[in-house]
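All of these numbers come straight from a predicted model, not from anything done at the bench.
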Amino acid sequence: EQHGITRERFVLCCTHSHTAPHLEGYAPNLFAVPLDLDEQAKTAAYTKWLADRVVEGIALAVKDLSPGRMFKGQGSVGFAANRRVLKDGRWTGFGVNPEGPVDHSLPVLKVVDADGELRGIVFNYACHCTTLTGNYNNVSGDWAGYAAEYLEERHAGATALCTVGCGADANPEPRGELLMAEAHGRALSLQVNKVLSRGMRELSRAPVASFGYAGLPVDRPQRSELRANLDSGTPQVKRHAQKMLALQQRMGRLPESYPMPIQTWQFADDLTMVFLGGEVVVDYAARLKNELGPKHVWVTAYANDVFGYVAAERMREEGGYELDYSMIYYNQHGPWEVGTEEVVIERARQILANPRSEGALSPEQALEAFHLPEGFDIELVAAEPLIEDPVNFEFGPDGRLWVVEMGDYPRGDGDTGGRIKYLEDKDGDGLFDKSTTFVDGLSFPTGVFPWRYGALVSCAPEIFYA
């Protein structure tokens, strides 16, 4: 907003290092021993500091804008290995699966100024930044950080940025030592340099940008399963059950879905970039590259939101961490339902074909978006701020419009986020101009029917007259 950048033209990518400070709100159920108050305060302070640095970096970049040209190319590097070890088609643990799917592609963008001087390098690789394990207690960007560092040393004055592809089921190999992380970063930077030294294809047009969400359906656990998990010897499992049962008690149910951000940048026929939220496994990149072709497709995960793993349909029969256990650490309500892979792929297609942000429309824009049968008209009678979060309405015999609002759906942040209002047209111009709250403090109201001197209200599991 500060710089006039619309939502679809801004993407926030991360490399997801396991050797960096923990962020507030990310994987909130990760630790066996919860953070104490001092640790929570330090985590919050670091998270704010990091956000401030990101905003500061954006301001500096915008201030330094100048005409330039962009080129694309692609190489390959082979240290990513599928980490899902299978036996008789079932997951047995983490390791190296030489037969498992993996993406070794290394797409590269080169940015030069009007004089042809190198300004920026963007590269993408589908692999966890987990060369360094839990035994290494120093801050490090792992292979991604070292690759960027080596590239900036080699190309003075240029900025090197790494994005991570759909490598949530891939680890770097070998791993476990600092020298290995440095070696992977060196190998990757050498391959990027090779791409830069070859003829690269210039992007002929600015990108057409789109942004939207895919509603990932949740396979919600049964109450009996959650109660059984209260006796688990794993602290994270026990805390997850406690939180889900409390949420279920407050809301009457667990949320049905989670909004996964999906973003696309289409550079004419030269390049299609797809950005997916979450820790996404390799199947999604393989499908998008195949199904969005023949254009060159670059798929980035860990973009705009990291809310949990996004497993593939094939993993349902295999089982394992990404599908069965990982959501515990993210405090998600359960794994994604059957068909989630198709939901993501189809929404990516739709968002790519819809070149705009799927943000809120103004009332005037919303009117233009309706498609009406011949002979029908549509008019605006009420909008914000008179109403907010409406889910149902009914006209009364006196011309008043009764509206049900559900302000805390679907999160259930409070027990009393619902209300009933009625709207009145005081000046008789056909537009409602006065709003009165009739009943407030309701838990998930869904319907209203004006009757006699009040209204019948449905507010599960009750129907009452007020």
Side-chain angles (χ1 to χ4, degrees), residues 14 16 18 21-48 134 168 213-261 277-280 302 304-311 315-316 319-338 340 389 406-418 441-445 459-461:
C14 66
H16 180 62
H18 280 206
H22 192 68
L23 294 178
E24 187 177 42
Y26 169 76
N29 194 28
L30 180 63
F31 300 109
V33 178
L35 301 180
D36 60 32
L37 293 178
D38 181 59
E39 291 168 331
Q40 291 177 35
K42 290 178 178 177
T43 298
Y46 174 77
T47 302
K48 182 181 184 305
Y213 293 92
L216 304 190
V218 181
D219 186 6
R220 294 171 292 176
Q222 298 293 320
R223 184 183 292 268
S224 58
E225 179 183 348
L226 293 172
R227 285 175 174 166
N229 286 344
L230 292 175
D231 298 324
S232 173
T234 303
Q236 295 95 326
V237 174
K238 183 175 182 178
R239 289 199 302 269
H240 178 267
Q242 292 170 339
K243 182 176 179 63
M244 294 304 108
L245 286 169
L247 184 61
Q248 195 174 62
Q249 176 67 28
R250 186 173 77 243
M251 294 178 58
R253 83 241 182 285
L254 295 176
E256 296 89 349
S257 64
Y258 187 91
M260 173 188 186
E279 299 198 61
V280 187
Y302 301 90
N304 296 310
D305 187 7
V306 183
F307 51 83
Y309 277 81
V310 184
M315 293 180 176
R316 295 192 179 278
Y321 172 77
E322 294 88 351
L323 181 72
D324 296 331
Y325 314 122
S326 63
M327 295 310 197
I328 295 289
Y329 305 106
Y330 282 94
N331 267 341
Q332 288 289 356
H333 313 109
W336 312 121
E337 284 187 350
V338 173
T340 293
D389 301 311
M406 197 182 293
D408 61 351
Y409 181 85
R411 300 179 308 274
D413 294 336
D415 295 331
T416 56
L442 301 177
S443 176
F444 295 104
C459 191

Exercise: identify the closest heavy-atom pair between [X] and [Y]:
{"X": "Tyr309", "Y": "Ala168", "result": "CE2-O, 3.6 Å"}
{"X": "His22", "Y": "Tyr46", "result": "O-CD2, 4.0 Å"}
{"X": "Val306", "Y": "Tyr302", "result": "CG2-CA, 4.0 Å"}
{"X": "Ser257", "Y": "Gly215", "result": "CB-C, 4.3 Å"}
{"X": "Ser443", "Y": "Cys459", "result": "O-SG, 3.0 Å"}
{"X": "Ala32", "Y": "Pro235", "result": "O-CB, 3.4 Å"}

Contacts table for residues 222-232: side-chain donor-acceptor under 3.5 angstrom, sequence neighbours left out:
residue	atom	partner	partner atom	Å
Arg223	NE	Gln248	OE1	3.4
Arg223	NH2	Gln248	OE1	3.2
Ser232	OG	Thr234	N	3.0

Polar side chain donor-acceptor pair, Tyr213 to Asp305, under 3.5 angstrom: no
Can you list every pair that meets side chain to side chain donor-acceptor pair (under 3.5 Å) and has a residue in residues 238-247, with sequence neighbours left out?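 The answer is Asn29-Arg239.
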Determine which pairs satisfy side chain to side chain donor-acceptor pair (under 3.5 Å) with at least one residue from residues 321-336, sequence neighbours left out, and list them in order.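 Checked against side chain to side chain donor-acceptor pair (under 3.5 Å) - neighbours excluded - the pairs reaching residues 321-336 are Tyr26-Tyr330, Arg83-Glu322, Arg84-Glu322, Glu279-Tyr330.
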Check step by step if side chain to side chain contact (heavy atoms under 4.5 Å, CB included) holds for Met260 and Thr340. CA-CA 11 Å; Met260 173 188 186; Thr340 293; over 6 Å; no
Is there side-chain contact between [X] and [Y], with heavy atoms separated by less than 4.5 Å?
{"X": "Phe444", "Y": "Arg253", "value": "yes"}
{"X": "Met406", "Y": "Asp389", "value": "no"}
{"X": "Val33", "Y": "Glu39", "value": "no"}

Going by side-chain contact (heavy atoms from CB on, under 4.5 Å), name the residues that satisfy it together with Ala246, two or more places apart in sequence or in a different chain. none
To the nearest 0.5 Å, tell me how far Leu323 CG sits from Met315 CE. 8.0 Å
Set of salt bridge (Lys or Arg N to Asp or Glu O under 4.0 Å) partners for Arg316, sequence neighbours left out: Glu313
Partners passing salt bridge (Lys or Arg N to Asp or Glu O under 4.0 Å) against Asp38 (at least two apart in sequence or in another chain): Lys42
Under 3.5 Å, is there a donor-acceptor pair between the side chain of Gln40 and the main chain of Leu35?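 Indeed, once roles are kept as given, a pair shorter than 3.5 Å links the two residues.
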